[in-house]
Amino acid sequence: MAAAATQVSPTAQVSQFLNRPKKLLIGGKWVEAVSGKTFATLNPATEETLAEVAEGDAADIDKAVKSARMAFEDGPWRRLTPSERGKLIWKLADLVEKNLDEFATLESLDNGKPRLIAAVADVPLAVDLFRYMAGWATKIEGNTIPISVPYAPGSRYFAYTLREPVGVVGQIIPWNFPLLMAAWKLGPALACGCTVVLKPAEQTPLSALRLGELICEAGFPDGVVNIVTGYGETAGAALAAHSQVDKVAFTGSTEVGKLILKAAAGNLKKVSLELGGKSPNIVCADADLEVAIPGAANAVFFNHGQCCCAGSRLYVEKQVFDKVVEGVSEHAKRIKLGSGLDPSTEMGPLVSSEQLERVTGYLESGLSQGAKPVVGGKRVGSKGYFVEPTVLVDVKPDMKVVREEIFGPVVVAMPVSDMNEVQTAANDTSYGLAAGIWTNDIAKAHSLAAQLRAGTVWINCYNVFDAALPFGGYKESGWGREMGHEVLELYTETKAVCVKL
Ligand code: ADP
């Protein structure tokens, strides 16, 4: 489980990109930040600087919003047919696919995740999302509505609804799936005809900037997509508060989600939020443990536990508790940590020193309150932000490690006696993003799925994502749904038109 220091050289294409200046995309042009400042983005496996990136702040956000506003009101974008919009999005998907290797390497370098995983998950999912949304561009329709108007007897009307783009959209995304989160946000906004200011996470700006180059290459009109890299407290906060932004879409922590909501109140812009989670993963005694055990390990350790939907609370029926804990712990022990570019690596470093501190802080808190690590429990090495995949037992429902989102490779395992107990325990959280159930009893699976207060329930599987499947949270896990046709609601306004005949 030792973190390997092996570094595999990135390809020439990636090196060329890293050597190009990293500017802001505003109005179709790459420009320096108004302040002239830059910030470093690091490789979390080596703690070395990968590139200096323009540090946008409120002044740059203002320029970007004005450019998005102009592109929305006056530009050629609004005159494109839905089919032409769809074709552009499809073309972007093709370009991302053509550069799949480069994107996978950039994600690995900037975020730490294994390159091979980014190449089969992050990038293909982003391509698929763009294609799925390209198809929707021609299918955003209103209704014709028969109306009665009780106070106008004898009058006849023709009434219908139009679905119009919501306007200029600010999109603030996190660092755990940098390209995919950009796709989840941009795809539906563009399909609906909005214009966008995108603010990538400061920890992982690279793939969004490369995507910006491809957006220009695909031929989107200037100003339709603007990309401003910078910090959350400055650039992000300015975007959420800007009075010329019609809607803000945010993915990130629940804490920052609440700040976004407050900032958005100034002009009552529309808000959608995809926030944190503390998802229950339930293994019933009748489950096929050959499948459930690796499934439970994948549920929490995928992407180093840096998933808002990570199955981080593992509830196991008493009869099989020891067996499941032992099995998941064996999996954890075998996970090979290392640099994401090393093809044998199964888990890379956490994304940043802040994240390392946060996860090790939770581990210390759990251990000091009496939780016991069956495996893991600490940092690995002193270079790079590696943490051991960890399984904690002997936890109590009120411990921080059980209640709060750790966002790292840490699962708390708890025995349960029956389905009533598990349902109550699983729902005993302020979050409601996802849940997992492992059972061979079909009636139990569906009954439990109906009882769980979560936006996604996976049965005998976990982390299954598809562009057509809506994703989002109950309770403090958010507002609205990403993906599927549900997301189109977030990027359109409905206009009722009524004609007297
Ligand atoms: P994490 O805590 O996991 O880093 P955050 O919720 O802080 O996640 O970050 C997600 C995104 O929100 C990033 O793009 C970040 O820059 C941005 N962000 C952070 N703070 C704010 C803020 N006060 N206002 C707007 N955006 C913010």
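Computation of the quantities below employed the complete heavy-atom set of this structure, encompassing side-chain atoms and omitting hydrogens, waters and symmetry-equivalent molecules. Ligands are counted one by one from 1 in listed order, and the atoms in each one are counted from 1 as well.
Between Asp57 and Lys37 there is no salt bridge, since no side-chain N of the basic residue sits under 4.0 Å from a carboxylate O of the acidic one. A salt bridge is defined here as a Lys NZ or Arg NE, NH1 or NH2 lying under 4.0 Å from an Asp or Glu carboxylate O, and Lys113 with Asp122 meets this definition. A salt bridge is absent between Lys98 and Asp94: the closest approach of a Lys/Arg side-chain nitrogen to an acidic carboxylate oxygen does not fall below 4.0 angstrom.
Among protein heavy atoms, atom 23 (N) of ligand 1 sits closest to Leu259 CD1, 3.7 Å. Scanning the protein for heavy atoms near atom 22 (C) of ligand 1, the closest one is Gly232 O, 3.4 Å. Protein heavy atom in closest approach to atom 17 (C) of ligand 1: Ile172 CG2, 3.6 Å. In terms of protein heavy-atom proximity, atom 12 (O) of ligand 1 is closest to Phe250 CE1, 3.1 Å. Nearest to atom 5 (P) of ligand 1 among the protein's heavy atoms is Ser253 OG, 3.7 Å. Here the protein heavy atom with the shortest distance to atom 13 (C) of ligand 1 is Ile173 O, 3.4 Å. Considering only non-hydrogen protein atoms, atom 7 (O) of ligand 1 sits nearest to Val256 CG2, 3.6 Å. For atom 1 (P) of ligand 1, the closest non-hydrogen atom of the protein is Trp175 NE1, 3.6 Å.
Listed by atom number, the atoms of ligand 1 under 4.0 Å from Ala237 heavy atoms are 24 (N), 25 (C). Those atoms of ligand 1 that come under 4.0 Å of a heavy atom in Gly236, given as number and element, are 24 (N), 25 (C), 26 (N). Taking a cut-off of under 4.0 Å to the non-hydrogen atoms of Gly252, the atoms of ligand 1 that pass are 6 (O).
Separation of the Trp184 and Phe177 ring centroids does not fall under the 6.0 Å cut-off. Between Trp479 and Tyr474, the ring center distance fails the sub-6.0 Å criterion.
When each of Glu107, Glu102, Glu217 is checked for a salt bridge (Lys or Arg N to Asp or Glu O under 4.0 Å) with Arg210, only Glu102 meets the rule.
Of the polar atoms of Arg358, none of the N or O atoms is found under 3.5 Å from an N or O of ligand 1, judged by distance alone. In terms of polar-atom proximity, Glu202 is counted as a contact of ligand 1, with an N or O under 3.5 Å from an N or O of the ligand.
Contact of the Lys396 side chain with the Met414 side chain is not registered, since no non-hydrogen atoms from C-beta on lie closer than 4.5 Å. Under the 4.5 Å side-chain criterion, counting only non-hydrogen atoms from C-beta, Met347 is in contact with Pro389.
Under the 4.0 Å distance rule, the nearest protein heavy atom to atom 26 (N) of ligand 1 falls inside the cut-off.
Relative to the six-membered ring of Tyr491, Lys247 meets both conditions, a distance below 6.0 Å and an angle of at most 45° to the axis.
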